[in-house]
Amino acid sequence: AESGSLSEQLSLATGVHVNTFPVYTTMAEQLDHETALVPYKPKSNMALVLTGDRSMTNNAMIIASYLLKEGFERVHLHWAGRDFDSTFNIPESRGITQTSGQIDPRTYGEQLSQAKTVILNYPSVRYQNHSSGRIEDALLFQCTPVVPLGTSLATQNGRDLPVWSLTDG
């Protein structure tokens, strides 16, 4: 199964023990020859917010405003997935940069190299039983991944990751 919560649901429904498989990152292999992208270099005071669903656009802006208020110098929003094309942009705002569309591994690696924190701005309902390789990417680059409350992402690969919730501020 893809997540611990899905494994539990399948085990309850079938009476059979269902294993959870680990989630991996392929960033190291994709960037094998990129000496400029060293996962362990000093970080800037930047947060990266990954959004893959247009319904989460307002959440991304709330998260970005909160992070800037809490002392981050810059928040980079990346609009990814089928809901966004390369021309999708929100109005510019001080301290917020953005990209959209399919992200190439080098650009993504550069963003991870700079970020201290990666916020996965994913819909909780959709990720209730799913995993994300983006968590492993963030950890490879020594970023703190923060995931939505109420998802299996918080315990991916047996970890106890920090969660965000708009009701918590």
Side-chain angles (χ1 to χ4, degrees), residues 23 25-28 30-31 34-81 83-128 130-157 159-169:
V23 180
T25 179
T26 61
M27 286 299 292
Q30 291 179 57
L31 301 174
E34 297 286 350
T35 56
L37 297 176
V38 180
Y40 308 108
K41 73 180 191 179
K43 301 287 188 176
S44 66
N45 192 14
M46 188 213 39
L48 175 61
V49 179
L50 300 174
T51 302
D53 187 311
R54 197 176 284 260
S55 70
M56 301 298 284
T57 304
N58 287 338
N59 273 11
M61 295 310 300
I62 292 168
I63 291 167
S65 297
Y66 175 79
L67 292 170
L68 290 170
K69 186 177 78 174
E70 290 298 310
F72 279 87
E73 292 171 7
R74 183 167 68 97
V75 176
H76 184 82
L77 304 173
H78 182 73
W79 312 104
D83 279 0
F84 303 104
D85 62 18
S86 61
T87 61
F88 178 83
N89 279 306
I90 56 159
E92 288 191 24
S93 181
R94 184 180 177 143
I96 298 175
T97 57
Q98 61 186 312
T99 52
S100 61
Q102 185 67 28
I103 192 167
D104 67 273
R106 180 171 174 73
T107 302
Y108 180 48
E110 288 170 351
Q111 292 172 353
L112 289 170
S113 290
Q114 296 173 24
K116 284 185 179 181
T117 301
V118 175
I119 310 291
L120 277 68
N121 182 31
Y122 294 174
S124 295
V125 172
R126 188 178 305 158
Y127 282 85
Q128 194 169 16
H130 289 290
S131 59
S132 175
R134 299 298 186 203
I135 292 170
E136 305 309 313
D137 297 345
L139 292 169
L140 174 68
F141 280 84
Q142 296 186 332
C143 301
T144 302
V146 182
V147 300
L149 181 68
T151 67
S152 61
L153 299 173
T155 56
Q156 180 171 299
N157 285 350
R159 295 187 184 91
D160 188 17
L161 298 175
V163 297
W164 64 265
S165 168
L166 289 180
T167 59
D168 291 341

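Quick note: numbers below take in every heavy atom, side chains included, and nothing from hydrogens, waters or symmetry partners. Just so you know, these numbers come straight off a predicted model, no measurement behind them. In this chain, residues are counted from 1 in sequence order.
Around CG of Asn45, the count of heavy atoms belonging to other residues, nucleotides or ligands within 6.0 Å exceeds 12.
When side chains are defined from C-beta on, Leu161 does not count as touching Leu153, because their heavy atoms never get closer than 4.5 Å. At a threshold of 4.5 Å between non-hydrogen side-chain atoms, the residues Ile96 and Met61 count as touching. Put simply, the side chain of Val147 does not reach to within 4.5 Å of the side chain of Gln156, judged on heavy atoms. Between Ser124 and Leu149, the closest side-chain pair of non-hydrogen atoms is not below 4.5 Å. Inter-residue side-chain proximity for Leu120 and Tyr127 is flagged as unmet; no heavy-atom pair is nearer than 4.5 Å. Looking at Tyr122 and Thr151, their side chains never come closer than 4.5 Å, going by heavy atoms from C-beta outward.
At distances below 3.5 Å, not a single donor-acceptor pair connects side-chain atoms of Gln98 with backbone N or O atoms of Trp79. Under a 3.5 Å cut-off, the side chain of Ser100 and the backbone N or O of Asn89 do not form any donor-acceptor pair. The backbone N or O of Arg54 sits less than 3.5 Å from a side-chain atom of Thr57, completing a donor-acceptor pair. One N or O on the side chain of His78 and one on the backbone of Gly101 form a donor-acceptor pair closer than 3.5 Å. Between the side chain of Asp104 and the backbone N or O of Arg106 there is at least one donor-acceptor pair closer than 3.5 Å.
Put simply, CD on Gln111 and SG on Cys143 are 10.5 Å apart, with the number rounded to the nearest 0.5 Å. Atom OG1 in Thr144 sits 9.0 Å away from atom CD1 in Ile119 (nearest 0.5 Å). For the atom pair CD1 of Ile135 and CZ of Arg159, the computed distance is 8.0 Å after rounding to the nearest 0.5 Å.
Heavy-atom minimum distance, Pro145 versus Ala138: CB-CB, 4.2 Å.
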Distance-only criterion, 3.5 Å: show the donor-acceptor pairs between side-chain atoms of residues 46-53 and protein atoms not counting sequence neighbours.
from	atom 1	to	atom 2	distance (Å)
Thr51	OG1	Asn121	ND2	2.9
Asp53	OD1	Ser55	N	2.8
Asp53	OD1	Ser55	OG	2.6
Asp53	OD2	Arg126	NH1	3.3
Asp53	OD2	Arg126	NH2	2.5

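Residues in residues 56-70 take part in no salt bridge (Lys or Arg N to Asp or Glu O under 4.0 Å) pair, two or more places apart or across chains.
Scanning for side chain to side chain donor-acceptor pair (under 3.5 Å) contacts around Thr97 gives Arg74, His76, with sequence neighbours left out.
Salt bridge Lys116/Glu73: absent, no basic N to carboxylate O contact under 4.0 Å.
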